[in-house]
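Report on one structure; see the data block that follows.
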Amino acid sequence: MLLYSPLLVALLVFGLISLILRSKFSHRIQDIPNARSLHTTTTPRIGGVALIIGLLVGWAFLFEALTWWLLLPLLALFAVSLVDDIRNLSVKQRLFIHFGSAVLMVIGSGIAGQHGVLLAILVFFLTVWMTNLFNFMDGSDGLAGGMALFGFTFYGLAALLNHQLTFALLNFCIAAAAFGFLLFNFPPAKVFMGDAGSIPLGFLVAAMGVWGWQNGTWSAWFPLLVFSPFIVDTTVTLVKRSRRGLKITEAHRDHYYQRMIQAGWPHRKVALIEYSLMFCAGLSALVYAKTDLPFLLLLNWFAIYLPLMLLIDARWQHFQGAKVDSITL
């Protein structure tokens with residue numbers, strides 16, 4: 001039964017979303033379009049509820065392999081994020097739980113004892129960053145679900161290659177949950193993930209990344225390259241906003257994927273382009289998973305991301321100029 005747990009998760013998530021969409025609950029959590037939105041119609045934001053519940057049911061068959069420092073913060077983040085989806089909590093309330101969850105993960109995993117306090121502090125901030133990063137990137141049909149599908153699949157493959165079947169299944173279950181969600185979220189989306197899905201997924205990226213690193217499944221840089229399509233977009237965007245004197249916590253539409261869509265690219269095309277990046281980044285990371293970060297690999301990905309960002313920036317400037325010309329006329 002253990003080997004079929006990912007399939008069970010995918011079916012559960014698919015079934016739960018189908019049921020929720022037919023219930024009154026779907027009308028309680030709606031994503032209403034605003035100035036930051038890339039969609040124009042009100043859409044249920046309950047996909048993350050089914051995703052996490054389905055994942056937890058699938059993980060029940062692997063319960064003995066789970067650790068408290070992963071499961072307890074995950075449940076706390078899911079509960080608080082669901083409340084936030086319904087009631088809109090303040091930034092301080094959300095961040096308190098995010099920081100607390102990262103503290104539990106860092107302490108429970110024993111990073112300080114194995115690798116030193118300074119590295120533990122770095123992992124703490126990276127965990128908080130990744131927890132929120134997934135939420136920042138959850139603004140286009142199929143994007144966050146796709147990153148979870150590709151990213152955790154490569155986590156699982158790396159574990160399989162290292163003969164760690166149970167750890168691989170834990171990751172494949174997350175990927176399977178994302179797949180079940182994507183059946184409703186791939187453009188045109190019928191349902192969105194919401195914070196209840198994106199926040200726990202971001203935490204799992206960091207927590208599973210740390211776990212695999214401690215198990216010797218991969219080197220410390222491996223999770224960063226696997227999820228680099230999200231990390232690069234968010235980090236560069238917020239650095240640019242900070243340099244312009246804008247608040248990084250303020251809602252905006254400055255991410256590269258957002259500008260692509262605003263400039264006229266359809267959600268489906270953006271998703272497929274991002275999927276190709278996710279696949280290539282994950283595959284290249286998998287090849288070198290247990291080695292020290294190869295300089296040429298880092299250089300190659302710099303040579304990929306930089307021209308892409310410059311191309312999108314140029315297209316955006318052209319789009320902005322065309323808008324000004326049309327208004328003037």
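Start at 1 with the first residue, then count along the sequence.
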Legend entry - Contacts of type side chain to side chain donor-acceptor pair (under 3.5 Å), residue Trp129, not counting sequence neighbours: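 None.
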Inset, instruction - Could you pull out all residues at least two apart from Tyr288 that satisfy side chain to side chain donor-acceptor pair (under 3.5 Å)? - result: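 Not a single residue meets the side chain to side chain donor-acceptor pair (under 3.5 Å) criterion with Tyr288.
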Inset, instruction - Answer yes if Val210 and Leu75 sit in the same cluster of Ile, Leu, Val, Met, Phe, Trp and Tyr residues linked by side chain heavy atoms under 4.5 Å apart, and no otherwise. - result: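 The answer is yes; both residues are in one hydrophobic cluster.
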What's the shortest heavy-atom distance between [X] and [Y], and which atoms?
{"X": "Ala50", "Y": "Leu16", "value": "CB-CB, 3.6 Å"}
{"X": "Gln214", "Y": "Ser109", "value": "NE2-O, 2.7 Å"}
{"X": "Trp218", "Y": "Met208", "value": "CZ2-O, 3.2 Å"}
{"X": "Gly108", "Y": "Trp68", "value": "CA-CZ2, 3.5 Å"}
{"X": "Ala271", "Y": "Pro187", "value": "CB-CG, 4.5 Å"}

Legend entry - Contacts of His267 that satisfy ring-ring contact (aromatic ring centres under 6.0 Å, His included) - sequence neighbours left out: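 Once residues adjacent in sequence are excluded, His267 has no partner under the ring-ring contact (aromatic ring centres under 6.0 Å, His included) criterion.
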Legend entry - By ring-ring contact (aromatic ring centres under 6.0 Å, His included) - contacts of Trp211 (at least two apart):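 So Trp211 forms a ring-ring contact (aromatic ring centres under 6.0 Å, His included) with Trp69, Phe167.
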Legend entry - side-chain contact (heavy atoms from CB on, under 4.5 Å) assessment of Leu74 paired with Leu56: CA-CA 10 Å; Leu74 176 68; Leu56 292 173; 4.2 Å; yes
Legend entry - Lys/Arg-Asp/Glu bridge criterion (N-O < 4.0 Å) met for Asp138, Arg45: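 Answer for the salt bridge query: no.
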Inset, instruction - Determine, for Asp313 against Lys240, whether the closest basic-nitrogen to carboxylate-oxygen distance falls under 4.0 angstrom. - result: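 A salt bridge is present here (some side-chain N lies under 4.0 Å from a carboxylate O).
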Legend entry - Partners meeting side-chain contact (heavy atoms from CB on, under 4.5 Å) with Ala65 (sequence neighbours left out):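 If we apply the side-chain contact (heavy atoms from CB on, under 4.5 Å) test to Ala65, skipping adjacent residues, the hits are Thr166, Leu170.
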Inset, instruction - Hydrophobic side-chain clustering at under 4.5 Å (ILVMFWY, transitive links): who's grouped with Leu19? Put none if nobody. - result: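 Leu19 clusters with nothing; isolated.
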Inset, instruction - Classify the ring geometry between Phe230 and Phe134 as parallel (under 30°), tilted (30 to 60°) or perpendicular (over 60°). - result: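 Answer is tilted, since the angle falls between 30° and 60°.
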Inset, instruction - Would you tell me whether Ser140 and Gln258 have side-chain atoms, one donor and one acceptor, within less than 3.5 Å of each other? - result: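 Side chains of Ser140 and Gln258: no pair found under 3.5 Å.
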Legend entry - Side-chain H-bond candidate by donor/acceptor type, Ser81 with Asp195, under 3.5 Å: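 No - no donor-acceptor pair under 3.5 Å links their side chains.
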Inset, instruction - Flag the pair Phe99 / Phe124 as yes when their ring centroid distance falls below 6.0 Å, and as no otherwise. - result: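 Yes, the ring centres sit under 6.0 Å apart.
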